[in-house]
4 protein chains.
Amino acid sequence: MDETIRKRQRRKDERPGEIMSAALQEFALNGFAGAKLTQVARRAGISHGTIYNYFDTKEALFRALFRAHFVEPLGDEQMVDAFGDAPFADILRAILRVAFRQAAHSEAVVLMRILLLEWQRFPDLAEECYRELFGKAEAMLRQLIDYGIARGELAPSRIDDSPLVLLAPGINAALFGPLSGLPDWEERAEIAIDAFAESFVRGLRKP
Amino acid sequence: MDETIRKRQRRKDERPGEIMSAALQEFALNGFAGAKLTQVARRAGISHGTIYNYFDTKEALFRALFRAHFVEPLGDEQMVDAFGDAPFADILRAILRVAFRQAAHSEAVVLMRILLLEWQRFPDLAEECYRELFGKAEAMLRQLIDYGIARGELAPSRIDDSPLVLLAPGINAALFGPLSGLPDWEERAEIAIDAFAESFVRGLRKP
Amino acid sequence: MDETIRKRQRRKDERPGEIMSAALQEFALNGFAGAKLTQVARRAGISHGTIYNYFDTKEALFRALFRAHFVEPLGDEQMVDAFGDAPFADILRAILRVAFRQAAHSEAVVLMRILLLEWQRFPDLAEECYRELFGKAEAMLRQLIDYGIARGELAPSRIDDSPLVLLAPGINAALFGPLSGLPDWEERAEIAIDAFAESFVRGLRKP
Amino acid sequence: MDETIRKRQRRKDERPGEIMSAALQEFALNGFAGAKLTQVARRAGISHGTIYNYFDTKEALFRALFRAHFVEPLGDEQMVDAFGDAPFADILRAILRVAFRQAAHSEAVVLMRILLLEWQRFPDLAEECYRELFGKAEAMLRQLIDYGIARGELAPSRIDDSPLVLLAPGINAALFGPLSGLPDWEERAEIAIDAFAESFVRGLRKP
DNA sequence: GATGAATGAGCTTTCATTCAT
DNA sequence: AATGAATGAAAGCTCATTCAT
């Protein structure tokens with residue numbers, strides 16, 4: 001009996017996650033208004049009525065989705081440490097590449113994309129997600145720049161106060177790339193991001 | 001009587017534009033599925049039935065909106081010429097600032113934002129808009145870089161092949177800024193963009 | 001054109017009444033929760049969507065029904081005058097009979113019957129209807145008793161303060177009669193009411 | 001172990017009653033369609049699934065409720081005897097008062113009130129309950145009148161054939177009183193019923 | 001051309017009922 | 001016997017679309 005209870009319990013515990021996972025896809029594809037709960041249910045392999053055993057309304061499901069995802073960060077703040085004492089430029093390039101890949105695929109970023117359209121309907125969510133996502137990212141980049149300065153590679157500059165601009169090309173590419181219809185947009189993006197990192201460190205000016 | 005007919009005619013000619021303008025706001029606010037034609041009509045000051053005299057379906061209206069807007073460019077290619085023979089860095093800063101302001105407010109960019117969510121439903125529109133918008137922007141930036149090289153200020157670099165990264169911070173800020181809930185996000189963005197332009201030209205490296 | 005507008009207008013003006021009439025039947029038959037708007041629409045010969053052009057919600061329709069009916073009285077207060085200077089007992093009997101028939105069929109009373117079950121959900125409606133209906137009835141009965149006293153037929157009694165008890169048998173019969181399943185319950189009720197009127201005037205006591 | 005079995009047995013025997021008691025409240029409050037079995041279960045302190053161990057369907061529960069209650073009478077037929085040889089008028093007044101109080105609170109009468117709305121859906125129940133309730137009442141009243149005649153206080157009258165009219169004011173008050181919203185409706189009703197009893201015996205006529 | 005009443009497909013949500021545990 | 005997760009029919013309500021006027 002312990003066995004059966006555990007099995008059932010496991011099911012009950014997993015359901016919300018399964019539903020939210022299915023909902024994420026549906027919302028991402030169709031936005032809030034366009035998402036159909038029947039379709040969410042179908043994706044989750046359950047009946048639509050079951051959704052209501054776990055979420056009171058469509059909006060509650062939507063909010064739960066965000067609440068659940070905005071604890072795990074875009075990238076871990078410790079990411080910089082992982083690179084040992086590599087040159088700044090190498091670390092920057094590596095981080096931008098990873099960030100781009102995450103931005104292109106992570107669930108948190110999919111949710112941000114949804115918010116780009118729905119934020120006027122959910123201003124509280126928008127704000128919270130914005131802070132969570134960009135706050136983490138900014139801290140990480142600041143740490144990286146400090147590392148570069150400490151290592152004697154970088155000169156202090158006004159960028160120190162707006163480190164997020166370093167991520168902009170990656171985020172942008174992740175957002176708009178799919179719209180291009182090009183099959184190789186991800187590779188192109190990575191090349192551009194590499195070039196960006198390199199040039200940004202060296203400067204565009206003629207030496 | 002000639003008078004009234006002419007007036008009517010003018011009315012008739014203006015109607016589609018009025019409707020599309022109203023539709024833009026509504027779609028931007030609520031996405032495709034969430035937009036209500038009744039609300040579009042109310043914004044345009046007409047009855048919802050009238051919309052159907054000009055557009056066959058909601059989707060047709062949506063498409064017409066994009067078709068109409070993606071002829072006028074984000075910025076004119078000639079923009080660079082307007083700056084005479086100013087230093088490259090000055091022109092870059094000026095252009096990035098203008099581009100940001102346009103990205104934050106121009107109708108074409110509002111439509112791009114809509115597509116960020118709806119592109120899977122309208123892949124053809126997405127592709128066309130992407131090409132139109134970023135193609136123009138890329139050409140302009142390439143022209144700018146050529147100008148800098150010709151003027152002897154810039155060294156050739158890998159950026160020459162991916163000039164769009166220069167716009168990324170502005171676009172990003174325009175997209176995500178409103179989500180922050182900060183009342184002064186536009187000013188902050190302009191500061192960051194200025195810093196970005198400056199640093200990018202000079203480079204982050206210690207001289 | 002005046003013609004056509006008038007015709008359409010007439011339709012538009014009549015719709016709410018038609019819908020409310022259909023709704024009355026449906027609510028009377030099934031109560032608030034049990035009534036189905038689709039069925040209301042079917043009764044009214046329209047589509048269910050049309051109901052929402054005139055009433056925002058099911059509850060709004062329910063309330064409108066009551067608001068519309070509780071202006072016309074159960075019986076007119078002038079009813080007593082209509083009997084000229086007939087003997088009190090004759091007038092009483094006549095009035096009780098009419099009141100019973102109205103109670104058995106008038107729309108206002110059908111609505112009261114609905115409220116007998118739904119009053120806890122609509123306390124404001126219940127109170128308003130109660131006052132309107134029984135207030136009118138009480139005034140009429142008081143007038144009748146005054147008439148009997150003035151004519152020298154009646155002695156003042158404690159009934160003068162609670163004249164509604166005179167209507168009780170009629171109302172009761174109207175409410176419960178149908179439940180009996182007897183085909184002749186209306187005739188039986190009228191006989192009982194006659195006997196009641198007669199006995200009430202004469203008294204049960206042995207002279 | 002004998003102990004626990006007996007306890008369980010007791011539980012099992014009591015369950016149907018507990019459920020029906022909870023159901024009575026729920027049906028009374030919301031009618032048949034509006035009553036929710038989940039709510040019934042909550043009132044009874046059990047899970048809604050358990051209800052189905054005792055009643056096949058919602059309708060079966062509804063019917064069982066009525067079947068169970070319409071054996072115990074509104075008032076006992078022997079009630080009259082209990083008054084010894086008091087004067088007729090005293091007994092009448094006492095009985096009407098008791099009847100009113102029962103009508104205001106007894107479960108049987110609550111069920112009758114439910115039937116006032118649902119009788120068209122359950123004509124068989126309505127008929128059975130009607131007969132049971134009013135049959136008992138009628139027999140009691142007839143017995144009372146006979147007692148009055150036997151005691152030499154009353155003259156025979158047409159009321160002898162329709163004794164239920166004597167209960168009408170009480171039933172009426174019990175039904176409609178709560179709708180008035182007046183906090184003292186019960187007291188008012190009792191005063192009216194007293195006045196009714198007194199006047200009915202004496203007659204309204206001037207002696 | 002303009003209107004807005006009417007339609008009905010389709011959505012979210014509820015809840016009686018089932019059944020594995 | 002008791003539970004409550006799952007189901008899906010059915011209801012309220014919305015809104016794109018039609019069409020008589």
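We name chains A, B, ... by the order of the sequence lines, and we start the count at 1 in each one.
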Participant: Heavy atoms, side chains only, cut-off 4.5 Å: are D:Leu37 and D:Leu61 in contact?
Facilitator: yes

Participant: Using whole Å, report how far CZ of A:Arg42 lies from P of F:dG8.
Facilitator: 12 Å

Participant: Taking the side chain as every heavy atom from C-beta outward, state whether C:Ile114 and C:Phe32 have any pair of such atoms under 4.5 Å apart.
Facilitator: no

Participant: Enumerate, in order of first residue number, the stems that involve DNA chain E, defined as 3 or more consecutive Watson-Crick or G-U wobble pairs with both distances under 3.5 Å.
Facilitator: E:2-21 with F:2-21

Participant: List in chain and number order the residues that pass salt bridge (Lys or Arg N to Asp or Glu O under 4.0 Å) with B:Glu128, two or more places apart in sequence or in another chain; answer none if no residue qualifies.
Facilitator: none

Participant: For C:Phe55 and C:Phe62, I'd like to know if the aromatic rings sit close, meaning centre-to-centre distance below 6.0 Å.
Facilitator: no

Participant: Scan residues 45-60 of chain C against DNA chain F and write down, sorted by residue number, each residue with any heavy atom closer than 4.0 Å; if none is found, say none.
Facilitator: C:His48, C:Tyr52, C:Thr57, C:Lys58

Participant: Under 4.5 Å between any side-chain heavy atoms of B:Val110 and B:His69, yes or no?
Facilitator: no

Participant: For C:Arg121, enumerate each residue passing the salt bridge (Lys or Arg N to Asp or Glu O under 4.0 Å) test, keeping only those at least two apart in sequence or located in another chain.
Facilitator: C:Glu118

Participant: Hey, does D:Met20 have a side-chain heavy atom less than 4.5 Å from the side chain of D:Tyr54?
Facilitator: no

Participant: Salt bridge check, D:Glu26 against D:Lys36: does any charged N sit closer than 4.0 Å to a carboxylate O?
Facilitator: no

Participant: Is the ring centre of B:Phe122 less than 6.0 Å from the ring centre of B:Phe66?
Facilitator: no

Participant: Can you pull out the residues from residues 30-38 of chain B that lie within a 4.0 Å heavy-atom distance of DNA chain E?
Facilitator: none

Participant: Using the ring pair (Phe, Tyr, Trp, His ring centres under 6.0 Å) criterion, which residues pair with A:Tyr130? Sequence neighbours excluded.
Facilitator: A:Phe134

Participant: Starting from P on F:dA5, measure out to CG on A:Asp13 and report it in whole angstrom.
Facilitator: 11 Å

